[in-house]
Amino acid sequence: MQTLFIVLQIVVSVLLIFVVLVQEGKDPGMRGIQGASSDMGDSFFKKAGGTTKEAMFTKLTSAVAILFLITTLTLVILAS
């Protein structure tokens, strides 16, 4: 049983790292030199609610982080 959760923990960890690295940063980059804000040039449709790619990755990150927490707590309980 513990081996199953260890394998699941490794898979969830790699998935969490991948999801976080795929997300786009909020840093304005070179636009910041000109005094532009990070949302300058973004259209209304890019900022639309839960249908954007950013919103999907935010929800996916939250779900994988919660799964990571659950597997970690389960491993701690099984180890004791």
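Bear in mind the structure is a predicted one, so any value in this text is a computation, not a measurement.
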Query raised in the report: Could you give the distance from CZ (F5) to CD1 (I70), rounded to the nearest 0.5 Å?
Result: 10.0 Å
Query raised in the report: Partners of T61 by side-chain hydrogen bond (donor to acceptor under 3.5 Å, both in side chains), sequence neighbours excluded?
Result: Q23
**Report entry** hydrophobic_cluster_shared for L60 and V22, side chain cutoff 4.5 Å
**Finding:** yes
Report task. Verify the cluster assignment for I6 and F68: are they in a single hydrophobic cluster under the rule of side-chain heavy atoms below 4.5 Å apart? Result -> yes
Query raised in the report: Shared ILVMFWY cluster between V12 and V20, side chains joined below 4.5 angstrom?
Result: yes
Query raised in the report: How long is the gap from CE on M1 to CG on L75, to the nearest 0.5 Å?
Result: 10.5 Å
Report task. Kindly work out whether a path of hydrophobic side-chain contacts (I/L/V/M/F/W/Y, heavy atoms less than 4.5 Å apart) joins L16 to M56. Result -> yes
Query raised in the report: What is the distance from atom CG of L67 to atom CD of Q9, rounded to the nearest 0.5 Å?
Result: 8.5 Å
Query - L4 vs L8, side chain to side chain contact (heavy atoms under 4.5 Å, CB included): CA-CA, chis, key distance, verdict - result: CA-CA 6 Å; L4 173 72; L8 184 62; 5.6 Å; no
Query raised in the report: Shared ILVMFWY cluster between V64 and V7, side chains joined below 4.5 angstrom?
Result: no
Query raised in the report: Can you tell me how far CD1 of I10 sits from CG of L15, rounded to the nearest 0.5 angstrom?
Result: 13.5 Å
